[in-house]
Amino acid sequence: MKPLPFPTVAAAGDSITEDNWHELSRHTVARIALGRVGSSLPTRETLRFALAHAQARDAVHTPLDAQTLAATLLAAGHQVIHVHSAASSRAEYLQRPDRGRRLHPVSRTALLAAAGAPCDVLFVIGDGLSSRAVASHAAALIAAICPLLQAQQLSIGPVVIASEARVALGDEIGECLQATLVVMLIGERPGLSSPDSMGIYLTSAPRVGRMDSERNCISNVRPEGLPYPLAAYKLNWLIRAARQQGSGVALKDGSAAEPGWQALQQQLASAG
Amino acid sequence: MSYAITIGPRRYRFDNLKTLLARATPERSGDQLAGIAASSAEERVAARMCLADLPLATFLQELLIPYEQDEVSRLIIDSHDTAAFAAIAHLTVGGFRDWLLSDAANPATLAAIAPGVTPEMAAAVSKLMRNQDLVLVAKKCRVITRFRNTQGLPGHMGVRLQPNHPTDDARGIAAAMLDGLLYGAGDAVIGINPASDSPEAIHTMLAMMDDVRQRYAIPTQSCVLTHVTSTLELINRGAPVDLVFQSVAGTEQANSGFGINLALLQEACDAARALQRGSVGNNVMYFETGQGSALSAGAHWGVDQQTCEVRAYAVARHFQPLLVNTVVGFIGPEYLYNGRQIIRAGLEDHFCGKLLGLPMGCDICYTNHAEADQDDMDTLLTLLGTAGIHFIIGVPGADDIMLGYQSTSFHDALYLRELLGLKRAPEFEDWLESMTITRGGRLQAQNGQPPLLGLMEAVA
């Protein structure tokens, strides 16, 4: 993480005992050599930490702006449906994970009414624990993966945006829309240095009651973590494999061993 | 057997002992999630009133989880010390609280009754205690443990140096270790949570920490917090294992979810003791626990999460550990919703552990989706400092970059030492003075080349 500028706070004062092992910071992003005032943290670090925590908190608590996300997806040519889980508030969502795994009855009825023909792949975008993650990365990831799927003549269902969603909510949504595979894009629990990390969960033959061991996961999708082209490559690999043998712990991700992956990695490295 | 009490026009009935305990427990999200919490504030107090009149001996007769179906229940009953219990056998739960707070309860009498106190008795009495009671009684309990230094002396507090790195990078770990040692942390243990579970990677980390310890003659112990079966394998391969780590829970089924049982823990404990690596003592086990673990494994038998937690301490107690750490806020808001619940749980865990005679420390911590922040952690830190906590965690800047949660920092430990005059383990303090890291217990400013910098070369 880049050091933050503090235009209004003096960078150092006479009260600070600086640590003369700063140069070790090149080995780790851990908060080492922070210096001290007496026994305590200097003002600059107290504020730097507070900002990181504030960003993580906002990522958890800012409601997903489904309208803006839907507009982006519509512009890209997708049909979009917005649903809500059975958790009626963020507080309830955080305390009752079971409710975040099931659709609100009204949403369920609406979804069943909207169901068209079965599809090969269904994308669900869930806010999870970081709305910021999916607001930033979900549409871009879908744009990166769709051409790869269309090249294989796979049918893609409407994109479902789900509020107050846990991973397993995708099972019920996929079941309602008769999807062969559901791909849940969801905000991961934010860390202090990663408030916008998105996770991708792939589940074959989605239906209520699927276990976590029946899914495959790609985590830390964001430009500073796993960039979109690599995430799309990996997801495409997993979708192809899951169509053969089904998703789950028995399916081991072998994408990184492929020449295509390595070429893409080199391409990104030289571009970056 | 059922329990009942009438308050005004309402009669409250509790079907069995575990229901009574669950209804009496302070409000927390995990018990609500499990559907066993009191449904009103009055019901909660009614349950406490009912519980207060219950003889302590009831817990030896009415088991919360059947003896035949749970080896933790069997351990609790089979290892119960009737002679130690005799001094409190006449008391009710409410009477026990009164006794604990009275002058009759002092370090000697508390140590004498500890083997007679079962987890359920400790959990029950804690439900009748306010936060100040939990602090005051814990402060009176003395638990001293030893390996390469002495932990738990009155007026002392240890720190586990936790130099985690997301990819187990040796230099990244060493940099955080150096930072911690130069901040005077690491007397309880230098303990890494590894990202990898490969035995080779763990062996490398153990060897690195042992090299550093020997090179600088640091009177402390190291540990890689991996599964007990991996540690056993590494002991057999000749890796330098000081302490055996394992997460433990309060029911056989939950432990089975962790891939452990009592026999396996005994085997590992025996193997580590046989290495005779301790210099001043041979407490070789390091256990971690946390409220909610049994529920999250679907293995709680309808018992409230705090009582399940204290049952885990019975497992720990059996192996005379050097350190027991309740990782209180790590589990998330569906078990402990906010700062208030985390603070209360931390105080309960510390009190119950100490009452059972355990070297109880606490990872004072929270995740970003819990309703908690640094101010809540400061409150719990200060309270546990006054309560005589055995040890706390030290992570650079309180930000664990591997586990993605916030714990306490090296600075937090310094704050508590300055505020309350708490000292480090004496052997470790002497070493810090000899390295000119501290003088008179306080950090010295490091001008010029800081000591220990050669540590980085050792791992390069």
Side-chain angles (χ1 to χ4, degrees), chain A residues 1 16-42 45-46 48-50 52-61 90-100 128-130 166 187-195 197 220 225, chain B residues 29-30 32-33 163-166 169-176 178-180 182-183 332-335 337 366-371 373-374 395-406 409-419 442-450 452-453 456 459:
Chain A
M1 195 171 144
I16 300 179
T17 306
E18 298 288 358
D19 298 328
N20 54 2
W21 54 94
H22 291 281
E23 63 99 18
L24 298 184
S25 294
R26 67 196 159 95
H27 299 302
T28 178
V29 297
R31 292 167 194 256
I32 64 168
L34 298 176
R36 58 190 170 87
V37 280
S39 295
S40 304
L41 285 169
E45 172 56 22
T46 304
R48 188 171 79 103
F49 187 101
H53 184 238
Q55 288 172 339
R57 295 288 294 157
D58 285 348
V60 173
H61 286 277
R90 189 89 305 212
E92 187 182 347
Y93 172 82
L94 290 171
Q95 291 177 81
R96 293 296 303 264
D98 52 327
R99 293 190 186 154
L129 287 168
S130 171
R166 300 265 172 186
E188 293 179 340
R189 192 182 91 185
L192 275 197
S193 52
S194 55
S197 192
N220 197 24
Chain B
S29 49
Q32 289 164 339
L33 181 63
N164 296 342
H165 187 274
D169 179 79
R171 276 170 299 188
I173 289 170
L178 189 87
D179 195 61
L182 291 174
Y183 268 87
E334 59 268 47
Y335 301 94
Y337 183 58
Y366 65 107
T367 58
N368 288 320
H369 62 318
E371 292 293 314
D373 60 18
Q374 291 300 96
V395 176
D399 173 11
D400 190 306
I401 57 170
M402 182 316 204
L403 293 170
Y405 76 121
Q406 285 90 255
S409 65
F410 306 134
H411 295 73
D412 288 330
L414 293 182
Y415 148 77
L416 216 50
R417 295 193 190 289
E418 178 170 344
L419 181 74
R442 288 187 63 90
L443 286 192
Q444 294 202 50
Q446 300 296 333
N447 302 312
Q449 176 94 336
L452 303 178
L453 211 55
M456 294 306 297
V459 301

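Excluded from the calculations below are hydrogen atoms, water molecules and symmetry mates; all remaining heavy atoms, backbone and side chain alike, are included. In the text below, chain A, chain B and the rest are named by the order of the sequence lines, each starting its count at 1.
Listed here is the closest heavy atom pair of A:S39 and B:Y415: CB-N, 3.9 Å. Nearest approach of A:T17 to B:A445, heavy atoms of both residues: CG2-CB, 4.0 Å. Looking at every heavy atom in both residues, B:Y337 comes nearest to A:A91 through OH-CB, 3.5 Å. Considering all non-hydrogen atoms of both residues, A:Q95 and B:P333 come closest at CG-O, 4.2 Å. In terms of heavy atoms, B:N447 sits closest to A:N20 at C-ND2, 3.9 Å. When every heavy atom of B:H369 is checked against every heavy atom of A:L94, the shortest pair comes out as O-CD1, 3.7 Å.
Within the 4.5 Å cutoff, the side chain of A:W21 has no heavy atoms near those of the B:M456 side chain. A heavy-atom distance below 4.5 Å is not found between the side chains of B:D179 and A:L34.
Of the two parts of A:R96, the backbone and the side chain both hold a non-hydrogen atom closer than 4.5 Å to a non-hydrogen atom of chain B. At a 4.5 Å heavy-atom cutoff, the contact between B:Q374 and chain A is made by side-chain atoms alone. Proximity to chain B is limited to the side chain of A:L129, based on heavy atoms less than 4.5 angstrom apart. With a threshold of 4.5 angstrom between heavy atoms, A:A59 does not approach chain B through any atom at all.
Between the side chain of A:R57 and the backbone N or O of B:A370, at least one donor-acceptor pair lies under 3.5 Å. Although no hydrogens or angles enter the test, the distance criterion places no donor-acceptor pair under 3.5 Å between the side chain of A:R36 and the main chain of B:Y183. Between the side chain of B:H411 and the backbone N or O of A:G35 there is at least one donor-acceptor pair closer than 3.5 Å.
Between the CG atom in A:L192 and the CG atom in B:D400 there is a gap of 10.0 Å [rounded to 0.5 Å]. Atom NE2 of B:H165 and atom NE2 of A:H27 lie 10.0 Å apart (nearest 0.5 Å).
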> Going through the checks in order, is the side-chain contact (heavy atoms from CB on, under 4.5 Å) test met by A:V29 and B:D399?
Replying inline: CA-CA 10 Å; A:V29 297; B:D399 173 11; over 6 Å; no
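Take B:N368 and apply the side chain to side chain donor-acceptor pair (under 3.5 Å) test, not counting sequence neighbours, and it matches B:Q406.
Most heavy-atom pairs under 4.5 Å with chain B, from the set A:S194, A:P97, A:G191, A:G38: that is A:P97. In terms of non-hydrogen atom pairs under 4.5 Å with chain A, the most contact-rich of B:I401, B:L178, B:L403 is B:I401.
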